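Reviewing the structure listed below.
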Amino acid sequence: MPQPRKRATIREVAKATGLSPASVSYALRGMQVSEETIERVRRAAAELGYEADPIARALASGRTGMIGLLCGSLEDLWQQALAVGIGRALKDNDRYALILDAAGDPAREKTLARQLRDQRVDALIVQPVDPAAPLWAELCEGLPVVSIGDALAGARAAGEVVFDNRAGVTLALEHLRKRGHRRLAVLTSTRASTPDRPADVHVMAEAGRLGLDIEMVTASQSLGPATRVAGEMLDAGHRAFFCFADSIAYGVYAASAERKLGIPFEVSVMGYDDHPMSGLLTPGLTTVDWDIDGIVRAAVRIVVAAADGTATRRRRIVQAPQLRERGSVG
């Protein structure tokens, strides 16, 4: 019976590369050595079949190699894509994502955030359901936290990749107004318990400036519930929709089809995050693009530096929106 192959040691990698074990250790973690050395060490490690012992590494470094990723709601297809991108980018940086879903619930978000801290993740990335929760200030005292979308009010976060929601909302509402719409249904995933999200607040401010009659309604990012809410708004006479997630906008498409109402001739609809599926609809969904690839790169770069203790300052990156005009606004 064949014997299992013995795990190669870091000393064997050091001997193969002519480096000290300490230098090999730094190279495997991508620290304090040149890119050429990192590549040479990783190539030798792969040839020898070296795999770092995660328990030994954690004991030696005080780090687990795990980064928590707390998503606002994985019913939202855009957030699913974000989680996939961050998970892969962390793996490329020798980290692993522990992905949890707050399901749009502020109470669940608090519970899961504390659980991730207690599980000793090295850092946390969060797309907050309730960015104003006092929890974040407490959490940031002992854990590097990077927020995506909204800043964490009153918290000393390690960094943030925030959306310029003021510009994004203005782009959307001005586009609808230019097309002649004055009465709008705004569908948002925000609950009554988290009423102060910046994007929602700015909708009402811009509605006053532009002379728009707006009715704001909470809608799930899951297709079935979003379709039901959109159907209720259609039955109440609404024919123009601005949705704070493309996933919600898909519900408007479904509800319109059920009522044999055509988009864009009888119903106009806009989304807010440009999920790849949105360009495949008929007609394509007009939406606001936040550059998901850029968000992934920025968030992972900030969180890895924060987890390693190499960040020299708090980083704030503001994502600018772009209007993706397709055919869904009549």
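None of these values were measured; they are calculated from a predicted model. Positions are given from 1, in the same order as the sequence printed here.
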For Asp235, which residues count as a side chain to side chain donor-acceptor pair (under 3.5 Å) partner, sequence neighbours excluded? Arg259
Qualifying residues under side chain to side chain donor-acceptor pair (under 3.5 Å), relative to Arg314, sequence neighbours excluded: Glu160
Main-chain N/O of [Y] paired with [X] side-chain donor or acceptor, under 3.5 Å:
| X | Y | answer |
| --- | --- | --- |
| Ser256 | Gly262 | no |
| Ser23 | Leu19 | no |
| Arg177 | Leu210 | yes |

Provide the full list of salt bridge (Lys or Arg N to Asp or Glu O under 4.0 Å) pairs with a residue in residues 293-307, sequence neighbours left out, each pair given once. none
Report yes if some heavy atom in the side chain of [X] is under 4.5 Å from a heavy atom in the side chain of [Y]; otherwise report no.
| X | Y | answer |
| --- | --- | --- |
| Arg182 | Asp213 | no |
| Val169 | Leu173 | yes |
| Leu152 | Pro128 | yes |
| Leu281 | Ile263 | no |
| Val288 | Phe244 | no |
| Leu77 | Tyr250 | yes |
| Leu82 | Cys71 | no |
| Leu323 | His175 | yes |

Can you measure from [atom1] ([X]) to [atom2] ([Y]) and round to the nearest 0.5 angstrom?
| X | Y | atom1 | atom2 | value |
| --- | --- | --- | --- | --- |
| Ser147 | Trp136 | OG | CH2 | 9.0 Å |
| Glu36 | Ser34 | CD | OG | 5.5 Å |
| Glu174 | Lys178 | CD | NZ | 5.5 Å |
| Arg166 | Leu171 | CZ | CG | 13.0 Å |
| Glu215 | His238 | CD | NE2 | 4.0 Å |
| Gln127 | Gln79 | CD | CD | 4.0 Å |

Residues which pass salt bridge (Lys or Arg N to Asp or Glu O under 4.0 Å) with [X], listed by chain and number, not counting sequence neighbours:
| X | result |
| --- | --- |
| Arg228 | none |
| Glu206 | Arg209 |
| Arg179 | Glu325 |

Which pairs pass side chain to side chain donor-acceptor pair (under 3.5 Å) with one or both residues in residues 97-115, sequence neighbours excluded?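 Only Arg114-Glu138 qualify under side chain to side chain donor-acceptor pair (under 3.5 Å).
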Using the rule that Ile, Leu, Val, Met, Phe, Trp and Tyr join whenever any side-chain heavy atoms are under 4.5 Å apart, tell me whether [X] and [Y] fall into a single cluster.
| X | Y | answer |
| --- | --- | --- |
| Val304 | Val296 | yes |
| Leu112 | Leu69 | no |
| Val146 | Leu124 | no |
| Tyr96 | Val126 | yes |
| Leu261 | Leu187 | yes |

Around atom CZ of Arg183, are there more than 12 heavy atoms of other residues, nucleotides or ligands at under 6.0 Å? yes
From the list Leu176, Val329, Val269, side-chain contact (heavy atoms from CB on, under 4.5 Å) partner of Thr286 resolves to Val329
Considering the options Leu74, Ile67, Leu70, which one meets the side-chain contact (heavy atoms from CB on, under 4.5 Å) requirement together with Ile99?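 The passing option is Leu74.
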Check against side chain to side chain contact (heavy atoms under 4.5 Å, CB included), Ile292 and His275: CA-CA 9 Å; Ile292 193 168; His275 186 271; over 6 Å; no
Can you find a side-chain donor-acceptor pair between Ser222 and Ser220 that sits under 3.5 Å? no
Have His181 and Ser268 got a donor and an acceptor in their side chains that come within less than 3.5 Å?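 Ser268 and His181 do have a side-chain donor-acceptor pair below 3.5 Å.
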Considering residues at least two apart in sequence or located in another chain, which fulfil the ring-ring contact (aromatic ring centres under 6.0 Å, His included) criterion with Trp290? Phe163, Tyr272
Show, in sequence, the C-alpha distance, side-chain angles and deciding distance for Met216 and Thr188, and conclude whether the side chain to side chain contact (heavy atoms under 4.5 Å, CB included) test is met. CA-CA 7 Å; Met216 188 173 291; Thr188 174; 3.7 Å; yes
For [X], check side chain to side chain contact (heavy atoms under 4.5 Å, CB included) against everything at least two apart and list the hits.
| X | value |
| --- | --- |
| Thr227 | Leu223, Ala254, Ala255, Glu258 |
| Thr287 | Asp246, Asp274, Leu285, Arg324, Arg326 |
| Ala245 | Asp76, Gln221, Ile248, Asp273 |

Evaluation steps, side chain to side chain contact (heavy atoms under 4.5 Å, CB included), between Leu143 and Val121: CA-CA 8 Å; Leu143 179 69; Val121 295; 4.2 Å; yes
Give the intermediate values and the outcome of side chain to side chain contact (heavy atoms under 4.5 Å, CB included) for residues Ile86 and Ile148. CA-CA 11 Å; Ile86 287 176; Ile148 292 177; 3.8 Å; yes
In the hydrophobic clustering that connects Ile, Leu, Val, Met, Phe, Trp and Tyr at side-chain heavy-atom distances below 4.5 Å, which members other than Val318 occupy its cluster, ordered by chain and number? Val162
In terms of heavy-atom contacts, Ser247 and Trp78 come closest through OG-N, 4.4 Å
